[in-house]
Amino acid sequence: MGTVFALADCNNFYASCERVFDPSLAGRPIVVLSNNDGCIIARSAEAKALGIGMGLPFFQYEKALLRHGVAVFSSNYALYGDMSARVMSTLGRFTPNLETYSIDEAFLDLSGLPGDLTAYAARIRETVLRWTGIPVSIGLGPTKTLAKLANRLAKDAPGHNGVLDLTGPRDREAFLARVAVGDIWGIGRRHAARLDRYGVRTALQFSRLSRDFVQKHLTVTGLHTLLELQGVPCIDLETAPTPKKSIISSRSFGRPVTTGTDMREAVAWHITRATEKLRRQKSLAGTILVSMQTNRFLTGEPQHEASDSLTLPMPSAYTPELLAAGLSLADRLIRPGYRYKKVGVMLLGLEAEDTVQGSLLAPPEADSSRRRALMDGIDRINAKWGRETVRPAATGLARPWGMRQARRSPRYTTCWAELPLVRAG
DNA sequence: TCTGGGGTCCTAGGACCC
DNA sequence: TCTGGGGTCCTAGGACCC
């Protein structure tokens, strides 16, 4: 018996989360918007059936959506993140070997399981649905790529009840023939277009290409995809979360920003947020990068896009130090007279806080333990009393650059004041 | 007025070394 | 016209994922 991977993927996850706490949404088309209520990033099955595309700018379709009775939500990541954790912990009851692949997907290693795999997967589905209210589909395969493909078929192909098994070679070719090459995990738009020029349109055709051809055109990652489709595992299950190698905080503004003060506040806010993430994974950053841009869709307006980075003398997770570095970069980049749309901060050159290299030139800071205690104290207060209970003054108070979120549902599961209310009688 | 955010990996080419 | 050979490291850009 070989390896068996399952991919469990929540159906229309964000839309499903909204539905769990609002039964009146059953059967209704739902869309969820990106940050700032910009684009449509999630759709319920009913919304997809109406032909509402992914990534469409909301403001262009707002009237049509409301006319069709579509329920529209701002994204509510407090809710989605918490529901995701519930789904993952439920899945964890069925195997200790689980990789949380994204907010709504997990790979499970089901190798060596006795009995009927399809029935086992069906039981996983039922349990997740009963315990969390979230519907999932499950694909089974001897490699992650085939499990992904099986999952897609489980969702799209009727008559499979949300579970599809591609672990055996039986019927595999027939299923591969039904999947477009661009729908293979790891084959994106560009590669799909390139393959199309060679007449390669289905997963089956792709799986029959020579290794040399694939490596030449799609590099080694493409070669791994090829082998995985042929049933040869190349991509392992990663059960332990690995620390990030870079951390980003960036966001569009709710409205154009024109003053240096607002720009600096926004940059400081992102630095603070990125540095919190950095400390949470117990890392230090060697380099900070600040970027900003105007609204590229407004072709009539003057455009400015700029970014620059600065490498610290010693890697750090001390917010005031990163604020000083990042704001000095911002001051060099910001140009008066532009209407900015977005700023971002990236932390690079990350290393674990306990393995950092010392420097011959800069002796260890006498107050480094004091700095660490200060950050630790602030992080604890904010964990207990809520984000931004204690925050740098540089991040401002009024936040005129903050994002729009006109249609957010309550944070049903993470906020006492927003718990769902049930009336009896 | 309005168009998302956050990541990873690979390769080519330049800088630099002996 | 010709002007070595081989290696490492870093970065930018491109591709992919959700």
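Heavy-atom basis, side chains included; hydrogens, waters and symmetry copies ignored. Quick note on labels: first sequence line is chain A, next is B, and so on, each numbered from 1.
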Taking any heavy-atom pair under 4.0 Å as a contact, classify A/I247: base, sugar-phosphate, or nothing. sugar-phosphate
Sidechain-backbone polar pair: A/N76 side chain, A/P410 backbone, donor-acceptor under 3.5 Å: yes
With distance as the sole criterion, is a donor-acceptor pair present between the side chains of A/S137 and A/D9 under 3.5 Å? no
Regarding A/F58, tell me which of base, sugar-phosphate or nothing describes its non-hydrogen contacts under 4.0 Å with the strands shown. nothing
For A/Y80 and A/Y77, take the angle between the two ring planes, folded into 0 to 90°, and tell me which bin it lands in: parallel under 30, tilted 30 to 60, perpendicular over 60. perpendicular
Counting any heavy atom closer than 4.0 Å, what does A/E105 reach on the DNA or RNA strands: base, sugar-phosphate only, or nothing? sugar-phosphate
Testing A/V70, A/V32, A/L65 one by one against A/I40 for a side-chain contact (heavy atoms from CB on, under 4.5 Å), which residue passes? A/L65
Taking for each residue the nucleotide of DNA chain B with the nearest heavy atom, is it A/R273 or A/N295 whose nucleotide lies nearer the 5' end? A/N295
Angle between ring planes, A/Y101 versus A/F107, binned at 30° and 60°: parallel, tilted or perpendicular? perpendicular
What are the bounds, 5' to 3', of the part of DNA chain C that sits under 4.0 Å from heavy atoms of chain A? C/dA15 to C/dC18
Look at all strands and tell whether A/R339 reaches a base, only sugar-phosphate, or nothing, counting heavy atoms closer than 4.0 Å. nothing
What does A/I187 touch in the nucleic acid at a heavy-atom separation under 4.0 angstrom: a base, only the sugar-phosphate, or nothing? sugar-phosphate
When we call it a touch if two heavy atoms are under 4.0 Å apart, what does A/N35 touch: a base, just sugar-phosphate, or nothing? sugar-phosphate
Of A/K245 and A/D37, whose closest DNA chain B nucleotide lies nearer the 5' terminus? A/D37
Main chain of A/V31, side chain of A/R43: is a donor-acceptor contact present, judged purely on distance under 3.5 Å? no
